[in-house]
Protein chains: 2
Amino acid sequence: MPLTSQLQTAGLRATPKRLAIGGLLFDGVDRHVTADDVADMARKAGIKVSLATVYNTLNQFVAAGILKRIILDTDRTYFDTNVSDHHHLFYETSGDLLDVPGDSLRIEGLPAAPEGARVRAVEVVIRMSGTPVSTGSTAG
Amino acid sequence: MPLTSQLQTAGLRATPKRLAIGGLLFDGVDRHVTADDVADMARKAGIKVSLATVYNTLNQFVAAGILKRIILDTDRTYFDTNVSDHHHLFYETSGDLLDVPGDSLRIEGLPAAPEGARVRAVEVVIRMSGTPVSTGSTAG
DNA sequence: AATTATTTTAGAACAATTCTACACTGGGCT
DNA sequence: AGCCCAGTGTAGAATTGTTCTAAAATAATT
């Protein structure tokens, strides 16, 4: 689905800033970015956008379901362009962050949700020390 | 092991403040607390301690391995008196936080750690919507 | 008691994020 | 084309959890 339609479905206008930021993020590659990363990417791409707008836009994308918030760290928020159910391998020393496909892990023994509650998500973070295999990884 | 020895093992003096904060936390009940919670508990118990000391002490306890940092949320850090391997059930609406024993979940398909890296921890957070069963839970 | 190392503290500093309040846009209407 | 106006974008202030700083207090050591 094109970004324009995704935005409209979520009740957001397909404005130039949103399309520009979306264009940086949704190019087919899975990315893990912080708001600052996005601001830098925009600056390098010659897109003039304020940090407030970066934050607003990322939050709107999350609300629209086209971006995912990942919680790994108390002092920065990562956003993931891969919105499918999946997990993360986090190299704490380097900050590298790799996706682990949701269906590659099988979790048994999950407690049943009590009456009136629902499992929204099951998130697995594998925290690693040392360094990842040296590939041009999907680093964060 | 008594707190005094645990502190000494970690190279920390068993000072009155540390013993007092430790006494509030390590009373046999598993607790999830924020720094603010601890400051409040101390105030209510008549222990005069600055917020800076609460932070210092909690961080030292984590370094000493007698307290665990849990990352669930970008805007506050939770500390867990249960330092064994285990997971969390987090009720996002109420903020309730329940422990899930480590051995009650079986995770299959974990990727092998590459050469030079090591799995430090596998953390599972089950995010729930709705409300937990009404017990006097180990809320956070 | 004097000396030295460690701890505690108040308050300043910091950094990520959100808020505020105003300026700007651009699509719909004549 | 020109006018509206709701929605959008922005700078800078505000907020908040946490850490830092530098000085005062305490504890250990001689």
Side-chain angles (χ1 to χ4, degrees), chain A residues 3-24 32-43 45-64 67-80 95 140, chain B residues 3-4 6-24 32-43 45-64 67-80 95 97 140:
Chain A
L3 183 55
T4 300
S5 332
Q6 291 189 287
L7 292 174
Q8 281 163 357
T9 304
L12 294 170
R13 277 198 210 155
T15 65
K17 296 290 157 79
R18 287 183 189 143
L19 293 172
I21 292 175
L24 292 172
H32 300 122
V33 296
T34 64
D36 254 10
D37 292 340
V38 175
D40 279 0
M41 290 164 74
R43 194 174 34 64
I47 298 162
K48 200 178 151 297
V49 66
S50 74
L51 188 56
T53 298
V54 170
Y55 274 104
N56 289 340
T57 304
L58 294 176
N59 287 332
Q60 290 156 353
F61 284 4
V62 170
L67 193 63
K68 207 172 172 181
R69 193 185 300 274
I70 334 175
I71 297 172
L72 285 174
D73 204 304
T74 9
D75 40 77
R76 48 174 102 285
T77 298
Y78 291 88
F79 295 90
D80 193 338
Chain B
L3 183 55
T4 300
Q6 290 189 288
L7 292 174
Q8 281 162 358
T9 303
L12 293 170
R13 292 218 287 237
T15 64
K17 296 290 158 79
R18 287 182 188 141
L19 292 173
I21 292 176
L24 291 172
H32 300 120
V33 296
T34 64
D36 255 11
D37 292 340
V38 175
D40 280 0
M41 288 163 74
R43 194 174 34 65
I47 299 161
K48 199 177 152 298
V49 65
S50 76
L51 188 56
T53 297
V54 169
Y55 274 104
N56 289 341
T57 303
L58 293 176
N59 287 333
Q60 291 156 352
F61 283 4
V62 170
L67 194 64
K68 207 172 174 180
R69 193 186 299 277
I70 334 175
I71 298 172
L72 286 173
D73 204 306
T74 9
D75 39 78
R76 47 175 104 282
T77 298
Y78 290 88
F79 295 90
D80 193 338
L97 181 57

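Protein chains get the first letters and strands the later ones, always in sequence-line order, with residue 1 at the start of each. The analysis underlying the following values was restricted to heavy atoms, covering all of them including side chains, and did not include hydrogens, waters or symmetry mates.
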Figure out the [atom1]/[atom2] separation between [X] and [N], and round it to whole Å.
X: Asp36(A); N: dA15(C); atom1: CG; atom2: P; result: 11 Å
X: Ile47(B); N: dT9(C); atom1: CD1; atom2: P; result: 11 Å
X: Ile21(A); N: dT8(D); atom1: CD1; atom2: C1'; result: 12 Å
X: Phe61(A); N: dT8(D); atom1: CZ; atom2: P; result: 12 Å
X: Phe79(A); N: dT17(C); atom1: CZ; atom2: P; result: 7 Å
X: Gln60(A); N: dT17(C); atom1: CD; atom2: P; result: 16 Å
X: Gln8(B); N: dT6(C); atom1: CD; atom2: P; result: 15 Å
X: Leu58(B); N: dT18(D); atom1: CG; atom2: C1'; result: 12 Å

Open item on the list: On DNA chain D, does the nearest nucleotide to Gly11(A) precede the nearest nucleotide to Ala35(B) from the 5' side, or the other way round? Give the residue.
Closed with: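 Final value for this comparison: Gly11(A).
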
Open item on the list: Quick check for you: to the nearest 0.5 Å, what is the distance between Leu67(B) atom CG and Gln60(B) atom CD?
Closed with: 11.5 Å

TODO: Return the nearest nucleotide to the side chain of Leu51(A); candidates are dT19(D), dT18(D), dT17(C).
DONE: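 The closest nucleotide is dT17(C).
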
Open item on the list: Nearest to the side chain of Ala52(B), heavy atoms from C-beta on, is which of dG9(D), dT10(D), dT9(C)?
Closed with: dT9(C)

Task: Arg69(A) and Phe79(A), any side-chain heavy atoms less than 4.5 Å apart - done: yes

Open item on the list: Is the shortest side-chain heavy-atom distance between Thr57(B) and Val38(B) below 4.5 Å?
Closed with: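 No; the side chains remain at least 4.5 Å from each other.
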
- [ ] Look only at the side chain of Lys68(A) and the backbone of Tyr78(A), and say whether a donor-acceptor pair between them is shorter than 3.5 Å.
- [x]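 Here the side-chain-to-backbone pair does not exist.
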
Open item on the list: Between Arg18(A) and Arg13(A) (side chain of the first, backbone of the second, donor and acceptor by atom type, cut-off under 3.5 Å), is there such a pair?
Closed with: yes

Task: Nearest heavy-atom neighbours spanning Ala14(A) and Leu7(A) - done: CA-CD1, 3.9 Å

Open item on the list: For a quick check, with a 4.0 angstrom heavy-atom cut-off, what is the B/S/- contact string for nucleotides 24-30 of chain D, read 5' to 3'?
Closed with: ---S---

Task: Counterpart residues, side chain to side chain donor-acceptor pair (under 3.5 Å), relative to Arg43(A) (two or more places apart) - done: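 In terms of side chain to side chain donor-acceptor pair (under 3.5 Å), with neighbours along the sequence ignored, Arg43(A) is linked to Asp40(A).
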
Task: Proximity to DNA chain C (any heavy atom under 4.0 Å), residues of residues 67-76 of chain B only - done: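 Nucleic-acid contacts, sorted: none.
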
Open item on the list: Using the rule given for side-chain contact (heavy atoms from CB on, under 4.5 Å), can you reason through Met41(A) versus Val33(A), listing the C-alpha separation, both sets of side-chain angles and the distance that settles it, and then say yes or no?
Closed with: CA-CA 10 Å; Met41(A) 290 164 74; Val33(A) 296; 4.2 Å; yes

Hey, does the side chain of [X] come within less than 4.0 Å of [N]'s phosphate (OP1/OP2), counting only N and O?
X: Lys17(B); N: dT9(C); value: yes
X: Tyr55(A); N: dT18(C); value: no
X: Ser50(A); N: dT10(D); value: yes

Task: Steps toward side-chain contact (heavy atoms from CB on, under 4.5 Å) verdict (Ile71(A), Leu72(B)) - done: CA-CA 7 Å; Ile71(A) 297 172; Leu72(B) 286 173; 5.8 Å; no

- [ ] Select base, sugar-phosphate, or nothing to describe what Asn56(B) touches, counting heavy atoms under 4.0 Å on all strands.
- [x] base

Open item on the list: With no hydrogens and no angle check, just 3.5 Å: does a side-chain donor-acceptor pair link Thr34(A) and Asp37(A)?
Closed with: yes

